[in-house]
Novice: 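Before I ask anything, here is the structure I am working with.
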Amino acid sequence: MLSPIITEDELKLWNEVADHCHRAVVTAHAAPDGDAVGSSLALAGYLRSRGIEVKVVLPDSLPEFLTWLPGAGDIICYDVSPDEAVKAIGEADVIYCTDFNNLSRINDLADAVVRSEAPRVMIDHHLPDADQAVPMGEVLKVCRPDFTSASEVLFHLLWQAGYFSAMTRDEAVCIYCGMMTDTGCFAYNSARPEVFFVVSELLTKGFDRDKVYRNVFYNYSKHRVRLTGYILYHKLHFYKHLRACYYTLTGDEMRRFSFQRGDAEGIVNTGLIVKGMKLSVAFREDTEKGVIRVSLRSVDDFPCNKLAAEYFGGGGHLNASGGEYRGTMEEAVATLNKAVEAYRDQLL
Ligand code: 5GP
Ligand code: MN
């Protein structure tokens, strides 16, 4: 049995908001991952079951390894259909935001959301950012940083709302995919016993868990496999006396390996499989935005979100965070050199 995730008053509000809603938009963060897409699609399914017309609107297209998710084909992506995305947000009478807590994370969609007077409901699992450039302005916020994923938060919410018996297999597989991808297949952030209770309940809906794994992780292009080999062999740099490593990836290198969105996903984790490694950082040129994307992963109590906030204007979770750097790749690496020196004591 799961304990309630929200108060009785909040549950009443959740129901009232849905009862008064005719057209909802569900949105999630840019460069969507399994949790962003999974939680959005499952939530959309639930809202439709309440008779609401729902559109899922995301800032960016899905990476190839998520396009198999049921309902993914109907998602409106701002990078492909900006007018349709903005129109859907303008017409929504409720905007549900999942897997982010800062409007800066939905890029250009933020303007449309800010212009809308529709109430916003937030379902998330991120720690609050120190810098709330654009406040979310939500009427109801369900955020649990101790949870694996926004998908798991959503599951608890739907469980508490009494929806579980009506939950469809498609919704269950979306929630499972979000939990699986945000925990590296239950390898991290997944020590709470409830995680496996939720998984066992989801499995009763009859989807093929092994196939979900293959769909996400055994679904790479040959280019991506070669790119991984290239990065690990030629680009991964280990600090000599510190338990930290990084790699860089330039636009030229990405073109050489016919880079597709999502192709670098997860490679940063590989640095951490080296014995004793505490911090792994990836720098990737974002040729569209003209910035360098920074991804950080750590183990134990090394706060890579703090480092990301202090040096790369970002944030995230204790062990998985991200940010951006405006400047050259050399400058980005020099900034990291400074950062690891400042955190030297924790990296020895
Ligand atoms: P990734 O390395 O996969 O892009 O991001 C890992 C995690 O870091 C995300 O789940 C998110 O919590 C956080 N994150 C990534 N980029 C940013 C950013 O620019 N700002 C903040 N605050 N968090 C980020
Ligand atoms: Mn997430």
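In listed order, ligands and their atoms are each counted from 1. For clarity, every value in this text was computed on a predicted model and none was experimentally measured.
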Novice: Could you identify the N, O or S atom of Asp35 positioned closest to the Mn ion (ligand 2)?
Specialist: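 Per the distance ranking, Asp35 contributes OD2 as its closest N/O/S atom to the Mn ion (ligand 2).
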Novice: Do Asp33 and Thr181 have side-chain atoms, one donor and one acceptor, less than 3.5 Å apart?
Specialist: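 Looking only at side-chain atoms, Thr181 and Asp33 do not form any donor-acceptor pair under 3.5 Å.
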Novice: Consider ring-ring contact (aromatic ring centres under 6.0 Å, His included). Of Phe186, Tyr218, Tyr176, Phe207, which one does Tyr213 pass it with?
Specialist: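 Single pass found, and it is Tyr218.
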Novice: Under the 3.5 angstrom rule, does the side chain of Gln160 hit a backbone N or O of Leu157 as a donor-acceptor pair?
Specialist: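 Side chain of Gln160 to backbone of Leu157, a donor-acceptor pair under 3.5 Å: no, none is there.
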Novice: Between His29 and ligand 1, find which residue part has any heavy-atom pair under 4.0 Å and reply side chain, backbone, both or neither.
Specialist: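 For His29, there is no contact with ligand 1 at all, from either part.
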Novice: Under 4.0 Å from a heavy atom of Gly316: give me the atoms of ligand 1 that qualify, with their elements.
Specialist: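 Contacts of ligand 1 toward Gly316, numbered from 1: 12 (O), 13 (C), 23 (N).
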Novice: Any N/O/S atom from Asp124 (main chain or side chain) under 2.8 Å of the Mn ion (ligand 2)?
Specialist: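 No N, O or S atom of Asp124 is closer than 2.8 Å to the Mn ion (ligand 2), so no.
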Novice: N/O to N/O below 3.5 Å, does that happen between Gly315 and ligand 1?
Specialist: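 Gly315 vs ligand 1: N/O contact under 3.5 Å present.
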Novice: Specify whether an N/O/S atom of His126 falls short of 2.8 Å from the Mn ion (ligand 2).
Specialist: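 Not a single backbone or side-chain N, O or S atom of His126 is under 2.8 Å from the Mn ion (ligand 2).
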Novice: For Arg226, does the CZ atom sit with more than 12 other heavy atoms under 6.0 Å from it, leaving out its own atoms?
Specialist: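 Result for CZ/Arg226: open.
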Novice: Have a look at Ser149, Gly323, Ser295 and point out the one with the heavy atom closest to atom 1 (P) of ligand 1.
Specialist: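 The nearest heavy atom belongs to Ser295.
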Novice: Does the N or O separation between Arg297 and ligand 1 drop below 3.5 Å for any pair?
Specialist: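 Yes, Arg297 has an N/O under 3.5 Å of an N/O on ligand 1.
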Novice: Can you check the angle at the Mn ion (ligand 2) formed by OD2 of Asp182 and OD1 of Asp99? Round it to the nearest 10°.
Specialist: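 Result: 170°, to 10°.
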Novice: Check whether the side chains of Ser149 and Glu152 place a donor and an acceptor atom closer than 3.5 Å, and report yes or no.
Specialist: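 There is no such pair (donor and acceptor under 3.5 Å, judged by atom type) between the side chains of Ser149 and Glu152.
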Novice: For residues Phe257 and His223, establish whether the separation of their ring centroids is below 6.0 Å.
Specialist: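 Between Phe257 and His223, the centre distance exceeds or equals 6.0 Å.
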Novice: Using a heavy-atom cut-off of under 4.0 Å, does the side chain or the backbone of Glu324 touch ligand 1, or both, or neither?
Specialist: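 The answer is neither; Glu324 stays 4.0 Å or more away.
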Novice: As an exercise, identify every atom of ligand 1 less than 4.0 angstrom from a heavy atom of Arg293.
Specialist: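 What qualifies from ligand 1 is 4 (O), 15 (C), 16 (N), 19 (O).
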Novice: Closer than 3.5 angstrom, by distance alone: can the side chain of Arg243 be matched with the main-chain N or O of Leu348 as a donor-acceptor pair?
Specialist: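 At least one qualifying donor-acceptor pair exists.
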Novice: Tell me whether Glu341 is salt-bridged to Arg344, with the criterion being a basic N under 4.0 Å from an acidic carboxylate O.
Specialist: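 Counted as a salt bridge, because a side-chain N and a carboxylate O are separated by less than 4.0 Å.
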Novice: So, is Gly322 polar-close to ligand 1, with some N/O to N/O distance under 3.5 Å?
Specialist: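 By distance alone, the answer is yes.
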Novice: For Asp33, is at least one N or O under 3.5 Å away from an N or O on ligand 1?
Specialist: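 There is no such contact.
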